[in-house]
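Structure, as structure tokens:
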Amino acid sequence: MKKIFVLNGPNLNLLGKRQPEIYGYETLADVAANCRKVGEEFSLDCDFRQSNHEGELVDWIHEAREDAAGIIINPGAYSHTSVAIYDALSAFEGPVIEVHISNTHKREAFRHHSYVSLRADGVIAGCGVEGYSLATRRMGGLVK
Ligand code: DHK
């Protein structure tokens, strides 16, 4: 089994409760369970985490340099603001896939730019929480 990190940024702990018309009714626990299930098909051990704190996300990306073969990340609002997360991901050598549940390009202009996309090998947006399954499948092909 190869370990991958699945990292989630601010407010994603409220998944299923906040703005369900945008983010859906499934919870982050549902998403984690599904990632683990899909991961097993590809011999991936999904280490699934969420934080509302930018520095903690940076620390986890540093940890991934030693412990993870790839990173799937939904940085939430930090996608649009965080040079620190972009820099940390740039110091990670494995594949990075960025996931957004909503289609950020269909929303407010400030969501159209993502620092993380400058580093990501793949970007999935607007596929709902299924985006995480798609990203896990793709990761299975990239780290095998
Ligand atoms: C989640 C968020 O919390 C927003 O800040 C992003 C992203 C979009 C999502 O679609 O998963 O702009």
Side-chain angles (χ1 to χ4, degrees), residues 2-42 44-65 67-143:
K2 290 207 170 163
K3 180 179 280 203
I4 62 163
F5 281 9
V6 185
L7 304 181
N8 294 276
N11 300 306
L12 288 160
N13 53 309
L14 298 179
L15 199 62
K17 292 179 219 146
R18 78 154 168 162
Q19 295 179 284
E21 68 287 0
I22 295 175
Y23 298 107
Y25 287 93
E26 285 186 73
T27 67
L28 202 61
D30 297 330
V31 176
N34 202 44
C35 272
R36 290 191 187 102
K37 200 172 109 200
V38 176
E40 273 173 26
E41 288 174 35
F42 294 92
L44 295 179
D45 171 15
C46 295
D47 189 332
F48 197 98
R49 306 179 188 188
Q50 188 274 333
S51 177
N52 292 324
H53 306 280
E54 186 175 17
E56 187 162 38
L57 291 160
V58 169
D59 287 344
W60 287 344
I61 295 164
H62 292 174
E63 190 185 328
R65 284 162 53 83
D67 286 350
I71 298 175
I72 295 170
I73 184 164
N74 182 349
Y78 289 142
S79 319
H80 320 301
T81 62
S82 181
V83 177
I85 288 175
Y86 166 61
D87 282 349
L89 288 169
S90 298
F92 175 75
E93 287 183 358
V96 173
I97 302 179
E98 178 181 2
V99 173
H100 298 286
I101 295 165
S102 64
N103 180 359
T104 46
H105 299 284
K106 215 177 161 185
R107 299 180 64 192
E108 303 96 320
F110 67 83
R111 296 184 204 275
H112 296 178
H113 176 264
S114 164
Y115 286 101
V116 170
S117 296
L118 298 171
R119 163 62 182 92
D121 299 292
V123 181
I124 297 169
C127 295
V129 293
E130 197 184 335
Y132 288 85
S133 309
L134 298 170
T136 306
R137 273 175 210 285
R138 174 69 181 156
M139 195 56 87
L142 292 174
V143 304

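On a predicted model such as this, the values are computed, not experimentally measured, just so you know. Read the numbers this way: they start at 1 and go in the same order the structure lists the ligands and their atoms.
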ring-ring contact (aromatic ring centres under 6.0 Å, His included) involving His62 - partner list, sequence neighbours excluded: none
Donor-acceptor side-chain pairing of Tyr23 and Asn11 below 3.5 angstrom: no
Below 3.5 Å only, please: the N or O atoms of ligand 1 paired with protein N or O atoms, distance on each line.
residue: ligand 1; atom: 3 (O); partner: Arg18; partner atom: NH2; Å: 2.8
residue: ligand 1; atom: 5 (O); partner: Ala77; partner atom: N; Å: 3.1
residue: ligand 1; atom: 5 (O); partner: Arg111; partner atom: NH1; Å: 3.2
residue: ligand 1; atom: 10 (O); partner: Ile101; partner atom: N; Å: 3.1
residue: ligand 1; atom: 10 (O); partner: Ser102; partner atom: N; Å: 2.8
residue: ligand 1; atom: 10 (O); partner: Ser102; partner atom: OG; Å: 2.6
residue: ligand 1; atom: 11 (O); partner: Asn74; partner atom: ND2; Å: 2.9
residue: ligand 1; atom: 11 (O); partner: Ile101; partner atom: N; Å: 2.8
residue: ligand 1; atom: 12 (O); partner: His80; partner atom: NE2; Å: 2.7
residue: ligand 1; atom: 12 (O); partner: Arg111; partner atom: NH1; Å: 2.9

pair Asn34-Asp30: side-chain heavy atoms closer than 4.5 Å: no
Pairing residues for Asp87 by the salt bridge (charged side-chain N to carboxylate O under 4.0 Å, His left out) criterion, not counting sequence neighbours: none
Passing option when Ser102 is tested against Gln19, Arg111, Arg107 for side-chain hydrogen bond (donor to acceptor under 3.5 Å, both in side chains): Arg107
Those residues that, when tested against Ser82, pass side-chain hydrogen bond (donor to acceptor under 3.5 Å, both in side chains) (two or more places apart): Glu54
